[in-house]
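To keep things clear, I will list the structure first and then write my remarks on it.
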Amino acid sequence: MNDFIEYLKQISEKWRKEWERAKLHEADVDESKPKFFITAAFPYPNSPAHLGHSRTYSITDAYARYKRMSGYNVLFPMGFHYTGTPVIAMTERLKQAFECLKKLGFEDKDFVEKVWQAKGSSTIKDGIRRVMEAEGKVDEECVEPLELLVLFAKVFELPIEDLRKITDPLAMANYFSSITEESMKQMGYMIDWRRKFTTVDPDFQKFITWQFLKLKELGYIERGTHPVAWDPVYNTPVSQHDTKGDVEPEIEDYDVILFKVGDLYLPAATLRAETVFGATNVWLNPDVEYEIVEVNGKKWVLSPKAAYKIKYQKDDVKSLGKISAKELIGKMALNPATGKEIPILPAKFVDPNVATGVVMSVPAHAPFDYVALMDLKQDPQFKDLVERIEIIPVIEVPGLEEPAAIKVVKEMGIKSQEEKEKLEQATKEVYSLEYRKGRMREDVIEKIAYGKETKAALKVLLAKKPVPDARELTAEWLKAFDMGDVFYEIKNGPVYSRFGNEVVVKVLKDQWFINYGDPEWKRLARKALAQMKIIPERFRKSFEDTIEWLQRRACARTRGLGTPLPWDKRWVIESLSDSTIYMAFYTVDHILRSNNVKAEQLEPEVWDYILLGKGDAKALSEKYGIPENVLKEARRSFDYWYPVDSRHSGMDLIRNHLTFFIFNHAAIFPEDKWPRQIVVNGFVTLEGKKMSKSLGNIIPITIAVKKYSPDVVRLTVLYSAEIGSNADVSTEIIERVINNLRSVKELVEMVKGFDVEKPESLPTLDAWLLSSFVRDVEEVTKAMDELKIREATNILYFVTLNRIREYLETLKASGRELDQSAKWVLRYIVERWVKMMMPFTPFFAEEMWHLLGKETFLINEPWPIAEKELLDPIAEASKRFVERVIEDIMEILKVAKIEKPKKVRIEVAPKESYEMLKMAVEYIEQGKGMREFMSEAVKTFGKSKAKELRETFQRALGLDEVTRQAILKGGLDEKKVLEEFKKYIEEKVGAPVEISEYSGGKKKPSAMKVAIYVE
RNA sequence: GCCGGGGUGCCCGAGCCUGGCCAAAGGGGGCGGGCUUAAGACCCGCUGGCGUAGGCCUGCGUGGGUUCAAAUCCCACCCCCGGCACCA
């Protein structure tokens, strides 16, 4: 096995050189051919590319190669995404790692080795902790940065000397992009590397500048106040690609309701403002030292965490000191909604880390509150207070007598607030029930302490209203008289930025946004999507939902590499915003660069000309000093290659990048330049497990290639799963792939010397093989058109291979040699078969092609055509028929317990039986039923045959399509076929076989169903 | 609750779009045999039940339906997974 892998690696290096020398992957404008522009999402060079990347790129490449062989002029380019936090955060962590080593006095290589040993089968972090403990140098802050160092050194096998050199972003990006580029070349991707660029190249930045000026001109850029997820240390907004674990931070707004106590306010945070009418008390966590903070001129009591968070959300926040919860508990607070005084009580379930750390208590509708109150009844200090509390139901649900919270708590048998899990489940139930079916009770309003006018107004607004409406109204009403406010919280928190800091919500005053919420823009995006092909189609809905869901999106950062915002250079355009139409850049950059066009010359007007065809080349040439022909060539190139015909990426990018891609194209380009197709693929898992940094089970492409060869890696990821689902790479599949490639090679070596004329006619066996192969060609082609790559590879590397093996075995068992016919058929098939392997295992296919004596580059050969005239349903049906006869004989032997048969006699049906069957098939093919068939057939064959006719029709119904075709074409001469395969049958059955016409025995054969006698 | 995916034999997993070569590909595991001093690798056979003649029965989440014929099409339901909504 190792020898074979060595062989595969060797041929891959050989052909890589040959291809590069021949500039085989460079694509230029060629008006004589239809073009196909295919792109895959470019990577962030913050680590070397791994198997997960290789899936997207291998799919893209296989498709590119298929299209090229199908007659298209195919352009497949690649670049590198240097922008933003992904790269910079990695350098920060690496820097920290080296500082940690120094601080803790570890020697780098020695440390890494020790960790790797200590790790065992657990996580890298555990390994680090073990080593730290063993050496008595524990520093939790250092665990994470050091994890990265170990990952790079051991999993990615990068020399530590190299790592020391790449602690600034540009150096790191350059280093990893060159490794990734090399691995892509090793994998044989058909990339036109002349067009490579990075997102910090000056000319690219000018292109992005143009794009943003366009967006601004169109009114899609806004400046405004908006809550954003924020790294409080690095002072920069964060989104999915800026967080650890790529979590999109979600912002949730709590309504804050101010309960007055003396000159202080308790800001209770709630998601259910409408229940304030049923608030019976306010909860504080008795163990927390609260802080008094001045917000908008009022003194709010907040948990320490909330006091910290609110500084990012409000102006003029002043800390005024501390107050322990105990000082407030027992006092009365004013419920602003009802005008009634309610007590402040202690509750441990109140989490000071969530929202304000102050909660209002609505026992009728919140299980936590209800249970906490019941608990308090046991407390002598609060017993009296609690017993005076009257539970006030605010919401009614049809069919429910009791308030929902109480009912659910009773049903679930919850006894104390310690039963957190149960309570959370109860809460879920109550809320979803009341949200969907609940309405505000009329009597709620009666109980409030305000005057007639207020009551009347509230009654009109709230009584009998559905919960969602009432919620909004209540919150608005409270805000209107300064008793309500908003507090933002990270909903899926805690979320950490890539720098390692806990993300907070910041209300940004002058942030720049792209407004994907613009209705006109949304309309264009919908239209663009509607015209686009989405593969697999079932993801279309996700795109539609994302288009609807997208709103304003912060598009600038204060940190990281990238293009400054053209009108406000303090900001850098963030990574998901500068990568939406960059495919256009590939169509022209090598032209501009090879003609020495400088970034300074690439002013917006120039881009207007190149990308939109606006303006006059001659005038622009004079103005900016770019030769006119260069401008024209760039314009022509863009116009030729654009739009993008197929865009490839992983499915995690649907909700951001891919949808932004649609939006931005729709905004900037005319309709005929909108993308044509998006192809989305799933992830790669290893032996059923997600690849993860912490486990260190990531396989970089470079290492996989070293271990298994490029073709094996490619075929494995391509074959593992169909495009839309996750692909599991396992040694099991890898081994099968290797074995099959080896078998293919053996066949090619056998066939390479076959050089014979096409024979006059083919034996049935050969005609069967040939015909089946033609069907394979047809199916593989169809599968590739639909990007069913698993299906295509399955047919080629497994089905076809097995059939050829079967053919050879049958040939041998029939006592035939590799005669002219066999040689011709095998040669015919193997040549085309090898061709079709080009998209999936290009190096291997190329080598096989040349083994066959060919001298052209296979990628320049046309994709095989399924030659329909070679289809032979009679041969296919005959082969099946023979197999069926053998099966039947074996079955008889088994059932009759005959171990060593002396002789097998087969009798075939008389002609008449065939005529009946043919007639039956004709009727079935015309969609006619048994009744029609019988009435006509009885006339032809006579009434005495009625029973046989009925049976024939039944049998015909069960026949497969190919056999039916064969019968319509005249059917098979069963006797002849059996004679032809006699030796083979004898070999299989282990006894001499005798074939004859029906001789009137007790078993009556019929068409396609022989009579068998075993002696 | 909404949207999407899924439930297949001891296990994994294809098939379902386009109904019939489907007792259901391919693996894995198990059993038996070959090769070998032996193990491993490799090769062959068996692996739902019954059956002394190629047959019958049961079967692809559950229950119905369409059809000459359903794993495949339609309806309803149950369960699992992902996303969203919702939830102190």
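Labels below follow one simple rule: chain letters A, B, ... track the order of the sequence lines, proteins then strands, and each chain is numbered from 1. In this text the structure is predicted, and so the values were computed from the model without any measurement.
Atom CD in A:Glu722 sits about 21 Å away from atom P in B:G4, given to the nearest Å. Across the protein-nucleic acid pair, A:Glu735 atom CD and B:A41 atom P stand 10 Å apart, rounded to whole Å.
Among the nucleotides B:A53, B:A85, B:U18, the one closest to any side-chain atom of A:Lys782 is B:U18. Ranking B:A14, B:C3, B:G54 by closeness to the A:Lys541 side chain, first place goes to B:C3. Distance from the side chain of A:Glu891 is smallest to B:G55 among B:G27, B:A14, B:G55. Side-chain proximity of A:Asp545 to the nucleotides B:G26, B:A53, B:C3 is greatest for B:C3.
With sequence neighbours excluded, the residues forming a salt bridge (charged side-chain N to carboxylate O under 4.0 Å, His left out) with A:Glu786 are A:Lys788, listed by chain and number.
In summary, the side chains of A:Ser743 and A:Arg805 do present a donor paired with an acceptor at a separation below 3.5 Å, with no hydrogens or angles considered.
Base contact: A:Val1010 has a heavy atom under 4.0 Å from a base atom.
Paired regions of RNA chain B, where each region holds three or more successive Watson-Crick or G-U pairs whose two hydrogen-bonding distances fall under 3.5 Å, are B:1-7 with B:78-84, B:10-12 with B:26-28, B:29-34 with B:42-47, B:48-50 with B:55-57, B:61-65 with B:73-77.
Dashed line: the shortest gap from a side-chain N or O of A:Lys788 to OP1 or OP2 of B:G15 is not under 4.0 Å. Between A:Trp549 and B:A85, a side-chain N or O to OP1/OP2 separation shorter than 4.0 Å is present.
A heavy atom lying under 4.0 Å from RNA chain B marks none of the residues of residues 796-806 of chain A.
Proximity of A:Leu796 to A:Asp776: side-chain heavy atoms (C-beta onward) are nowhere separated by under 4.5 Å.
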